[in-house]
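Letters A, B, ... are given to chains in the order of the sequence lines, protein chains preceding strands, and every chain is numbered from 1.
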Amino acid sequence: MGCTNRQVADTFRFISQLLLIRGEDPFRVRAFQRAAMAIEGREEPICGMPSDRLLAVPGIGPHLAAQVGELCAGRESSLLLELQQSIPASVIALLELDQVGPKTVHRLWHELGVSTIEDLEQAAQAHRVSTLKGFGAKKEEELLKAIARHRRSTGRMTRVQAEAVLAGVAALLTDGTYTVAGSFRRGRSTIGDLDIVSTEAPAVVNPRLVVRADEVIDLGEKRTSIRFMGQRVDIRFCSPDQYGTMLMYLTGSKDFNIRLREIALSAGWRLNEYGIEERTTGSLRTAATEEEVFSMFGMDPVPPELREDHGEVEAALEHTLPALVTPADLRGDLHVHSRWSDGSMTIQELAGAGEALGYQYIICSDHSASLGVAHGLSAAEVQKQQHEIEVVNRSSSCRVLAGIEVDILSNGSLGLPDKTLQDLDLVIASVHSGFHQEEDVMTRRILSAIENEHVDIIGHPTGRVLGRRDPYAVDLDRVIEAAAVHRTALEINASPSRLDLDDTGVRKARDRGVAISLGTDAHMQAELGNMPYGIQVARRGWCRPADLLNTRDLSSLLEWAA
DNA sequence: GCCGTTTTCGGCCCGACTGTTTTCAGTCG
């Protein structure tokens, strides 16, 4: 039983934190972090790699190669086990608090005997923390606040939530003087905090922020951090001539930045957010745009969505970056509900909305009858609906495709008979029940849907709902392989609370030649506008226009589905 | 723990800000 590069990397990162808590050499710790990055950034599976090639991976030496060997053999890492035995889990959990890192955990644990969040709360309330050298009353207050925040923490924001926070902050800034950077700009599906680059004077902006913020975390001339609508917002100030390096720095990702700085170092430069310094002469060259920075490094400009050190740096150096799909490439929406099931639009309204969006086609894909809560369609109702669709299509420039979102039932069968499905233009099959099945059962359930010749698309393939429901247990690699074999598309559900498949799943599927289908899952007209969220996931999954089903024109799409 | 046409020893990406300080450690991004 092997494991993925991501799993090995996560294990190494976890080990690095535990080593720090135990107070070990920080550079030994860095070795694990660097190895984690090196492994995660590789396309090729690290498991099963011959040892000579493993040792050739930068950052992996004999000791780490042995750790990889253990993990890939399906065993626990012996080092991790040893660390976990020597540090209680509740001590490790202290890392979840803001402002608490591994070194603080080490000291709290060893010098105060704090081994749980509750211990820490009591110690801070009794002013025992401030008896430690380097800790004071302010730190105690911060710790108590961090504990309170941790208890009511809701985790990461959806993009819609982030946009709401952003709208509030933007009102305090001046149009044209700022850019939102960070994970928001990289198009991530969830956002931890907002990062903004501003060219306005801090003396102008700071007072406005202070007045409106829930809490001021840091107040500075170069950076100010506030909590706004309960979320952390960081604003970096810079002059226009340094905008390029600052925006690049703040957009990240961290791993991408580190790679770029390493490339700079090997070329005799030092890169930071203020510019590019020649190490021998110390002369600083500034860049007003990111393009200038990329050009200095001999790289093609890397779209923000790709900046994760997942191979895009090499591709940019070799000039082989993919030309990513854009909203303009889309010809239609492939997952929409009407009033026939649980949506609010009539077929006529659906056609009109499609026309307004400039689409060639829009699917009507209502639920099948098996899903009681959604007023699903029976075989007879599907037929009736098809007639209405035909009538509407006579006077619409946007073709309404007759489709269905048929349930994949617990035993792997579908919610409607084959003879109903065969008459439809497109069939989406989705799991809407029995989320807690064992991985193998769930996987085989989805595979049987993929194997059905009438099924064209698997809807929201992992069933996750951001912040509310974890993905169900499913072996995505087997799903992707089967989808490739049976020429079944996998969906990116563009609803901002789903965004399922996620970016890594999309990249895998794309690499295996599986078609990706984009659908908003709109239940009302406004939700048809969610498509850009799905496009962002496609871009993060390295999709070119040709990788998506709905960049095809109508006849090509119908030909594919036939 | 890893790595090297500057190095097999002595480095490891870089900077802002805070708190507790008297020059810096820790955290964060």
Within the structure shown, what part of the strands sits under 4.0 Å from D25(A) by heavy-atom distance: base, sugar-phosphate, or nothing?
-> base
Which residue lies more 5' along DNA chain B, comparing F27(A) with G101(A) via nearest heavy atoms = F27(A)
Using the P atom on both, measure dC14(B) against dC9(B) and round to a whole Å.
-> 24 Å
Could you tell me whether P26(A) contacts a base, only the sugar-phosphate backbone, or nothing, with contacts defined as non-hydrogen atoms closer than 4.0 Å?
-> nothing
Footprint ends on DNA chain B, 5' to 3', for atoms under 4.0 angstrom from a heavy atom of chain A, come out as dG1(B) to dG29(B)
Is K254(A) touching bases, backbone alone, or none of the nucleic acid, heavy atoms closer than 4.0 Å?
-> base
Say you pick atom P in dC13(B) and the same atom in dT23(B); how far apart are they, in whole Å?
-> 27 Å
Between the side chains of S253(A) and D255(A), is a donor N or O closer than 3.5 angstrom to an acceptor N or O?
-> no
Only one of R185(A), E312(A), R188(A), R540(A) forms a side-chain contact (heavy atoms from CB on, under 4.5 Å) with E305(A), so which one is it?
-> R540(A)
May I ask you to say what L260(A) touches in the nucleic acid, namely base, sugar-phosphate or nothing, with a heavy-atom cut-off under 4.0 Å?
-> nothing
Check whether NZ of the Lys or CZ of the Arg R159(A) lies under 6.0 Å from the centre of the six-membered ring of F184(A) and within 45 degrees of that ring's axis.
-> yes
Identify whether any heavy atom of Q33(A) sits under 4.0 Å from a base atom; if not, whether one sits that close to sugar-phosphate; answer base, sugar-phosphate or nothing.
-> nothing
Rounding to the closest angstrom, what is the interatomic distance between dG1(B) and dT5(B) at atom C1'?
-> 24 Å
Heavy atoms from other residues, nucleotides or ligands near CD of E118(A) exceed 12 (cutoff 6.0 Å) = yes
Polar side chain donor-acceptor pair, S78(A) to E70(A), under 3.5 angstrom = yes
Indicate whether the side chain of E140(A) and that of H127(A) have a donor and an acceptor atom separated by less than 3.5 Å.
-> yes
Which whole number of Å gives the distance between the C1' atom of dC3(B) and that of dT8(B)?
-> 9 Å
Check every strand shown and say whether V57(A) touches a base, only sugar-phosphate, or nothing at a heavy-atom separation below 4.0 Å.
-> sugar-phosphate
Contact class for V100(A) (heavy atom, under 4.0 Å): base, sugar-phosphate, or nothing?
-> sugar-phosphate
Remember a base hit wins even if backbone is also touched, and classify A65(A) as base, sugar-phosphate or nothing at under 4.0 Å, heavy atoms.
-> nothing
Can any side-chain N or O of R307(A) pair as donor or acceptor with the backbone N or O of V302(A) at less than 3.5 Å?
-> yes
Interatomic distance at C1', dA16(B) relative to dG11(B), whole Å = 24 Å
Expressed as a whole number of Å, how far does the P atom of dA25(B) sit from that of dT20(B)?
-> 16 Å
Assign I60(A) to base, sugar-phosphate, or nothing according to its heavy-atom contacts below 4.0 angstrom with the strands shown.
-> sugar-phosphate
Could you check whether I258(A) gets within reach of a base, just the sugar-phosphate, or nothing at all, counting any heavy atom under 4.0 Å?
-> base
With rounding to whole Å, what would you report as the distance between dT21(B) and dG26(B) at their C1' atoms?
-> 13 Å
Which base, if any, makes a Watson-Crick or G-U wobble pair with dT8(B), both distances under 3.5 Å?
-> none
Taking only distance into account, with no hydrogens and no angle test, what donor-acceptor pairs under 3.5 Å do side-chain atoms of residues 48-62 of chain A form with protein atoms, sequence neighbours excluded?
residue: R53(A); atom: NH1; partner: E44(A); partner atom: OE2; Å: 3.3
residue: R53(A); atom: NH2; partner: E44(A); partner atom: OE1; Å: 2.9
residue: R53(A); atom: NH2; partner: E44(A); partner atom: OE2; Å: 2.9

At under 4.0 Å between heavy atoms, what does Y249(A) touch on the DNA or RNA strands: base, sugar-phosphate, or nothing?
-> base
5' precedence on DNA chain B between E142(A) and T104(A) (nearest-nucleotide basis) | E142(A)
